[in-house]
Amino acid sequence: MARTALLGLPRIGPDRELKFALEACWAGHTVEAELAETARGLRAANWKLATAAGIDVIPCGDFSLYDHVLDTAWALGAIPSRFGALDRESVADYFVLARGTADERPLEMTKWFDTNYHYLVPELEPDMRFEPRADHWTGPLREAAELGVQARPVVLGPLSLLLLSKGLARPLDLLEDLVPAYAGLLNALSAAGATEIQIDEPCLALDRAPWELVAFANAWRALTDAAGGTELCLATYFASLDPDVLERLATLAPAELHLDLVRAPGQLGPALEAFADTPTRLSLGVIDGRNVWIADPDLALDRIDAAITALGSERVTIAPSCSLLHVPYEAAREEGIEREVRPWLAFCVEKLEELRTLVTAVGSDADREEVLADGRAIVSARRTSSQTNEPAVRERVGALSVADYDRPSPFEERRPLQAERLGLPELPTTTIGSYPQTEAIRTARRELREGKLDRSSYLQFIRSQVDEVVAFQEELGLDVFVHGEPERNDMVEYFGQQLAGFAFSAHGWVQSYGSRCVKPPILFGDVSRPTAMTVDWWRYAQSRTAKPMKGMLTGPVTILQWSFVRDDQPRSETCTQIALAIQDEVLDLEAAGAPIVQVDEAALREGLPLRAAERDDYVRWAVDCFRLATAPARPDTQIHTHMCYSEFNEMIEHIIRLDADVLSIEASRSRMDVLDAFTDGVTYPNEIGPGIYDIHSPRVPSIEEIEGLLELAERRIGRDRLWVNPDCGLKTRTWKEVRPALENMVAAAERRRAAVAV
Ligand code: GLN
Ligand code: ZN
């Protein structure tokens, strides 16, 4: 019989219980014991859920109070010396790494592969001494056993742990030192009664050099020895194992190998071949652990059937593609989502049911027609729904031609027209869009939602906020204004709510990092823009000043990237639809008189595929979508874009191809070094505003400091193409910080204008 397995479960709780317990504990409102109790309850609830769904292999140790990479580093003693002596039994000390102290900054955070989950980046040191402690796994293993569940511990493997860390140029140099610590860990788990252990090595599915694979193979053999009779199940996800990697892994014959067949179905054939003569079970990740849609059961069964034919059912495990950490708990609760769309959704609970259905369908005496009837009906209803096949949207996309992606004239011709229209000084000053989202703004939004504030009073209040932001910019003497975005909760949600094709869940939270959760919009259908989204606000703001007011939009790639996106067509196609909706808005802003429209693409780089071979294709369509959104703007309309990161290496040609008239980027923390990417080899031809104020920190930069940064920027870019702005939007900062910082920014710009150009 084939079996079902889970690689991991969501851990924040169906109602974000973990978030509230953590924050109460950090604020000192509760004691650690209460947090521990909540955590224990969440683990137990997961095991109960999985047991009730009839899942055969249920994980433990996947639960985390903050982050599973941190858990692993902590358990192995990979703790940077800058934190001094920490007590590894103390939960408070564990949080020190995640949250820092008054004197010590926390570990850095970064995206877990291409998901929107952030892990804490362990810091390696050359002479680090590893020393294992297994309680993060043995504790839950015992808890599960008490509840009658023989759980499978989930451990992030040594190769991935090192490759996900920072601090050493060659992190794998530490592998030999680290393996004995892992061996100790596995030994302890085996002694504690684990019959199998899941070792996650997602990094194996990325681009790996042969020597790295050799290092991994040596490590794996050592771990297999250490585990004794306990089976080691190797799990990969998010990308494909290349045929040569599969062959190498086959010689190691792990007890089980997990493959992500949602992201990378093409690896199944080579895997079946490579593992044919081994005892290894293949774990088929056929249910999407990254997205919220029900699976096409026939597609999944094609894969499962092929594996069973090749290996026999005893050697087949059916599983989600990866941990279910990345999906919300239960779609059935989403009563607010329209009746037609709700059945298309499968969150964690529904995905467990799907696994059950699949394993039933491959049973020897199953009546497939009957078992699959419901799933097939939903999949076909979704495929043929008018919401996923909007003729007007389809026709518009179908009619696009190459000319639709180009501005009417090149930058050199647009530039003088824009200069004449705007009449800006040298080194024009501006901000990125948002101003502090104060408690008053949040309260107003909440009260509107709860019906305590009527719509017209709310709008009145937001207008008063715009007034304040405009007056403030006037007082400061900025050159290009923004309205401050007080009406926006979030730069993607705000647009999603006004576009056709998006749904919003009430409980669809997923963990972003630690106690932080996000509730991504669900992009289920063809996207279009029924009515203008931002024009009224722009018009109001512009009416309050004679200075040019920027229209402010979120770009198509960023909207795509930060949503749960339909999986029934390529992402590029969905993105094109969003681009056309944004284009409508660009043109409406222009028609209303906006001289500048900014289209933020904060997530453009984040969308880069994990495997190098797939990157070109992505950047091509992503950049095309931005171009499509902005192309029909008149030559004298200035298009800005903003990106809040500073890694442009290897991206610069694509950034150039965006053909935005002005680009603002994050640059203050690198002290303008990021600009090297814009001048080395290829030169960035358009105007650019490198950030001079680090908005991630409460620190207020002085005039001299900003002046210094501007001078550094001038040396690289030249004064005539340079803008002066902060790194990013100001919504997370307070007025107390923003006022002096921007005053200093304006003063520094004035000083530079008066100085001789470098
Ligand atoms: N215009 C947005 C803001 O200022 C941009 C935010 C972002 O890039 N993350 O808030
Ligand atoms: Zn930004």
Side-chain angles (χ1 to χ4, degrees), residues 109 111 116 118 429-438 441-442 445 462 465-466 469-470 472-473 478 480-496 512 516 518 520-521 533-534 537-538 541 549-563 582 585-586 589 594 596-607 626 629-630 638-648 651 655 658 660 662-670 674 688-697 723-735 737-738 741-742 745:
M109 217 164 43
K111 294 227 164 200
N116 285 327
H118 303 75
T429 53
T430 190
T431 50
I432 304 303
S434 56
Y435 273 79
Q437 289 256 335
T438 57
I441 296 177
R442 276 195 290 266
R445 199 154 39 231
I462 297 292
Q465 298 302 300
V466 173
V469 168
V470 170
F472 173 74
Q473 296 172 91
L478 286 163
V480 169
F481 282 23
V482 296
H483 76 291
E485 306 180 19
E487 80 288 12
R488 300 183 191 179
N489 35 0
D490 173 273
M491 64 186 285
V492 169
E493 192 176 16
Y494 180 76
F495 290 95
S512 171
R516 295 295 189 96
V518 290
M533 304 181 282
T534 63
W537 285 120
W538 175 83
M549 177 66 62
K550 291 195 263 192
M552 195 60 64
L553 306 176
T554 301
V557 184
T558 302
I559 292 180
L560 184 86
Q561 210 49 41
W562 290 348
S563 303
I582 297 299
E585 190 71 12
V586 170
L589 283 166
I596 304 181
V597 180
Q598 179 172 315
V599 180
D600 293 330
E601 281 293 21
L604 186 80
R605 192 179 195 287
E606 269 176 43
F626 179 88
T630 52
Q638 192 168 63
I639 298 292
H640 288 216
T641 189
H642 164 71
M643 290 164 191
C644 28
Y645 42 81
S646 53
E647 297 124 51
F648 289 94
M651 283 285 284
I655 304 292
L658 291 173
V662 181
L663 161 70
S664 62
I665 57 169
E666 176 178 313
S668 69
R669 265 189 291 187
S670 74
V674 42
I688 182 166
I692 46 70
Y693 164 28
D694 176 9
I695 59 89
H696 300 291
S697 145
W723 284 64
V724 181
N725 49 255
D727 274 343
C728 190
L730 305 168
K731 75 173 180 194
T732 56
R733 297 263 63 89
T734 64
W735 280 106
E737 297 147 4
V738 163
L742 294 185
M745 180 179 94

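Both ligands and their constituent atoms are indexed starting at 1 by order of listing. Residues: numbered from 1 along the sequence shown.
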Gap between atom CD1 of I441 and atom OG of S434 - 0.5 Å precision
10.0 Å
Calculate the angle formed at the Zn ion (ligand 2) by NE2 in H642 and SG in C728; 10° precision is enough.
120°
Measuring only between side-chain heavy atoms, which start at C-beta, is H696 closer than 4.5 Å to E666?
yes
Could you measure the distance from the CG atom of L730 to the CD atom of E485? Nearest 0.5 Å is fine.
9.5 Å
Test your reading of the model: is there a side-chain donor-acceptor pair from T558 to the backbone of A603, 3.5 Å cut-off?
yes
Could you please spell out the steps behind the side-chain contact (heavy atoms from CB on, under 4.5 Å) verdict for R445 and Q437?
CA-CA 11 Å; R445 199 154 39 231; Q437 289 256 335; 2.6 Å; yes
Chain-and-number sorted residues having a heavy-atom contact under 4.0 Å with ligand 1 are I432, G433, S434, E485, M491, M552, D600, A602, H642, C644, C728, G729
Would W537 and I462 satisfy side-chain contact (heavy atoms from CB on, under 4.5 Å), going step by step from the backbone distance to the final call?
CA-CA 10 Å; W537 285 120; I462 297 292; 3.3 Å; yes
